[in-house]
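First comes the structure, then the notes that go with it.
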Number of protein chains: 2
Amino acid sequence: MIENDIFRALADPTRRAIFEKLAAGGMNASALREGMEISQPAMSQHLSVLRSAKLVREERQGRFVNYEVDPEGLALIAQWLAKYRAYWPARIEALKVLLKDMDQ
Amino acid sequence: MIENDIFRALADPTRRAIFEKLAAGGMNASALREGMEISQPAMSQHLSVLRSAKLVREERQGRFVNYEVDPEGLALIAQWLAKYRAYWPARIEALKVLLKDMDQ
DNA sequence: GAATCGCATAAGTGTATGCTTATGTGTAGG
DNA sequence: CCTACACATAAGCATACACTTATGCGATTC
């Protein structure tokens, strides 16, 4: 179940930080480690978890591996969230922003 | 960090099932257990986790405790998701549904 | 082609998590 | 009040998880 992979992946604060960093622009694993006080194997393992959750995707570039946000994971979260739209409060600021951006 | 509580709460499939059940209508803990093969303490513990994640809220009714979906948790997920709207694919079906529902 | 670099994988370890059984707490009813 | 009921909490246990160190594997570079 992919939903399980997604929520489990996001349950770890380090992985959310990695994801947020990637959201600002794709980069390789070494660049991701900069300023993050995390070992190389740990980063590799986190990226593996994010990858199987479809939150991140990789692209080999020589001996580097460039990582970037995978929209598929985000879309799946949006789908999950949409199931409960009956319970969304009418005027949450985030939703207004969301609406404005999607209307474009 | 509430984000942490939310994603950790949703990382468990049993808790997502409980949440989904409550989304169909509020009910007490005993009613929730029906058809779920889960012990009474386990249910109580799961509800406690969902409660501290603001995904569920309680309302005492005599010796029963009625549980229902708390919109606050869902709104927080929406906020988190909104941060990455730049990566949402243009025409995901779920997002269209989402947009349609939020408009008007 | 040997060394180095970027990254993945293996194996081991402490801690968190979800369960269990047992017990506590508060409310309703006879 | 005394019992029964709905639920919460405590304590213990097996497993999952995030980390570590060590090693493997391609790809570049000299």
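What you see is a predicted model; the values in this text were computed from it and never measured. Labels below follow one simple rule: chain letters A, B, ... track the order of the sequence lines, proteins then strands, and each chain is numbered from 1.
As a whole-Å value, the separation of A:R33 CZ from D:dT20 C1' is 13 Å.
Residue pairs meeting the ring pair (Phe, Tyr, Trp, His ring centres under 6.0 Å) criterion with at least one member in residues 23-44 of chain A, sequence neighbours excluded, do not occur.
Mapping A:Q61 and A:E37 onto DNA chain D by nearest heavy atom places A:E37 closer to the 5' end of the strand.
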Listing, residues 41-50 of chain A side-chain donor-acceptor contacts under 3.5 Å, not counting sequence neighbours, or none:
| from | atom 1 | to | atom 2 | distance (Å) |
| --- | --- | --- | --- | --- |
| A:H46 | ND1 | A:R15 | NH1 | 3.2 |

Tabulate below the donor-acceptor pairs under 3.5 Å that side-chain atoms of residues 26-34 of chain B make, not counting sequence neighbours, or state none.
| from | atom 1 | to | atom 2 | distance (Å) |
| --- | --- | --- | --- | --- |
| B:N28 | OD1 | B:S30 | N | 3.2 |
| B:N28 | OD1 | B:A31 | N | 2.9 |
| B:R33 | NE | B:I38 | O | 2.9 |
| B:R33 | NH2 | B:I38 | O | 3.2 |

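Partners of B:R57 by side-chain hydrogen bond (donor to acceptor under 3.5 Å, both in side chains), not counting sequence neighbours, listed by chain and number: B:E68. Every residue meeting the ring pair (Phe, Tyr, Trp, His ring centres under 6.0 Å) condition with B:F19, not counting sequence neighbours, appears here in chain and number order: A:W80, A:Y84. Qualifying salt bridge (Lys or Arg N to Asp or Glu O under 4.0 Å) partners for B:E59, counting only residues two or more places apart in sequence or in other chains: none. Taking A:R16 as the reference, B:E3 meet the salt bridge (Lys or Arg N to Asp or Glu O under 4.0 Å) condition, with sequence neighbours excluded.
For DNA chain C, the contact window with chain B, defined by any atom under 4.0 Å from a protein heavy atom, covers C:dT17 to C:dA28 in 5' to 3' order.
No more than 12 heavy atoms of other residues, nucleotides or ligands shown are found within 6.0 angstrom of CD on B:E37. Within a 6.0 Å sphere centred on NZ of A:K21, heavy atoms belonging to other residues, nucleotides or ligands number more than 12.
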Along nucleotides 3-11 of chain D, 5' to 3', which nucleotides get a B, which get an S, and which get a -, given that the test is a protein heavy-atom distance under 4.0 Å?
-BBSBBBB-
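For the contact set between residues 7-25 of chain A and DNA chain C, defined by any heavy atom under 4.0 Å, there are no members.
The minimum heavy-atom distance linking A:N4 with B:P13 is given by the pair OD1-CD, 3.4 Å.
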